[in-house]
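Report on the structure given below.
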Amino acid sequence: MKKILSLLLVTVLLLGTASAFAAQKVGVAMPTNSLQRWNQDGANMKAQLEAAGYEVDLQYANNEVATQVSQVENMILNGAEVLVLASIDGSSLGTVLQLAKDNDIKVIAYDRMLTDTENVDYYATFDNYKVGTIQGKFLEEKLDLMNAEGPFNFELFAGSPDDSNARYFHGGAWDILKPYYEAGKIVVKSGQTDFETIAILGWGTDDAQARMDNLLTNYVDGTELHAVLSPNDSLALGITNSLQAAGYTLDNFPVVTGQDCDVTNTKNIILGYQAMSVFKDTRDLAAQVVLMVDAILKGEEVPVNDTETYFNGVKIIPSYLCDPVFADKDNYRELLIDSGYYTEEQLKVD
Ligand code: BGC
């Protein structure tokens, strides 16, 4: 009897410890569930954090800053011990981040930097500059800019100016392409080249499509458009929609770049309407963030691999950068299907 009782006691104690552990809450804030990549990020993070024994409060903010602010506030009030935040506007969370600091809650900026605040502890992302470099090098090789005479007509797009990643993407690509532009081998007929003019606030597909429609008025005289630099897939989709609506076909379709390997874009790559994308395996990023959360909550050293690059306007944030990978019609199968990221069915084109 005594034995049974003590066994019971041990079980109760163990269960108690387990549930105290399980009760450690992690708040995960994502910008929107209208873009596939954030849905995947959210789902991956939740699954992996739960598998590691944490309770997860996952919220999507419909791309509305005020919604995200109140979601993060609620996470803090509901007892989250670590916050993983993918912001909409990197500079808009200052007040809630102060609240987090006051409550001793550690903050990891997820994929997008949290700017102009000292209350951010870590940054986990992909090498954003390298994403741009991959796009720029691809265009350089695809059009043989080094050897061909040209000139080549380009139009340029950049991402949302309130997302610090957008400048890294653009910087990486433009550092490769700018010398050709300066030498006159790349011509931008619209004349729109500075970041603010080519940026699409909010990364919207429709806004990109509308801007491309406008740009195409410069080409109604029959001038051939050779390439469009697009920083990501949501913009690439708007761009290709516009080009298709304007009557471009596979015979004269400009070279369009992208990033994220969204399903619709990957199908466009298979069909030939988008030339490439950059694959960022969100499972890797989620796995890394789980390691970081785990280390924080266990008081261990948090794994980072870059302590120099990412200045958020106030301080350098210790970061972990995952590796982005070039993707096109030749390697998408291996990258996306064989690795289990998508099923064959999801990428089926009719
Ligand atoms: C992400 C990209 C994404 C873009 C639009 C950026 O911060 O790094 O992967 O395409 O936001 O959601």
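We count ligands from 1, going down the list as the structure has it; atoms in each ligand are counted the same way.
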* With heavy atoms of Asn232 as the reference, note each atom of ligand 1 found under 4.0 Å away. => 3 (C), 4 (C), 5 (C), 10 (O)
* Asked: Hey, is Tyr168 touching ligand 1 through its side chain, its backbone, both or neither, going by heavy atoms under 4.0 Å?
  -> neither
* Asked: Nearest protein heavy atom to atom 1 (C) of ligand 1, by residue and atom, and its distance?
  -> Asp111 OD2, 3.2 Å
* Structure fact -> Nearest heavy-atom contact between Val65 and Ile88 is N-CD1, 3.9 Å
* Structure fact -> ligand 1 to Lys280, heavy atom cutoff 4.0 Å, flagged ligand atoms 1 (C), 2 (C), 8 (O), 9 (O)
* Asked: Is the shortest side-chain N to carboxylate O distance from Asp111 to Arg37 below 4.0 Å?
  -> yes
* With a 4.0 Å heavy-atom cut-off (strictly under), which part of Leu35 contacts ligand 1: side chain, backbone, both or neither? -> side chain
* Asked: Going by distance alone, is a donor N or O of one side chain under 3.5 Å from an acceptor N or O of the other, for Trp38 and Asn33?
  -> no
* Asked: Counting heavy atoms only, which part of Asn128 comes closer than 4.0 Å to ligand 1: side chain, backbone, both or neither?
  -> neither
* Asked: Do ligand 1 and Ser234 have nitrogen or oxygen atoms that lie under 3.5 Å from each other?
  -> no
* **Glu140 bridged to Lys178 by N-O distance under 4.0 Å** => no
* Asked: Identify the closest protein heavy atom to atom 3 (C) of ligand 1: which residue and atom is it, and at what distance?
  -> Asp260 OD2, 3.5 Å
* Structure fact -> Restricting to heavy atoms, the pick from Met113, Gln36, Arg112, Arg37 nearest atom 2 (C) of ligand 1 would be Arg37
* Asked: Does Asp294 pair with Lys298 as a salt bridge, N-O distance under 4.0 Å?
  -> yes
* Structure fact -> Ranked by distance from atom 6 (C) of ligand 1, the top protein heavy atom is Asp163 OD2, 3.2 Å
* Sub-4.0 Å heavy-atom contact, Phe126 with ligand 1 -> no
* To do: Would you kindly say whether Asn44 and Thr282 are connected by a side-chain donor-acceptor distance under 3.5 Å?
  => yes
* Asked: Quick one: salt bridge (Lys or Arg N to Asp or Glu O under 4.0 Å) partners of Lys106, sequence neighbours excluded?
  -> none
* Applying side chain to side chain contact (heavy atoms under 4.5 Å, CB included) between Ile296 and each of Asp121, Val107, Ile108, report the one that passes. => Ile108
* To do: May I ask you to identify the nearest protein heavy atom to atom 12 (O) of ligand 1, giving residue, atom name and distance to one decimal place in Å?
  => Trp38 NE1, 2.9 Å
* Using a strict 4.0 Å cut-off to heavy atoms of Phe169, name the atoms of ligand 1 that fall inside it. => 8 (O)
* Could you tell me the separation between the CD atom of Glu141 and the CG atom of Asn147, rounded to the nearest 0.5 Å? => 11.0 Å
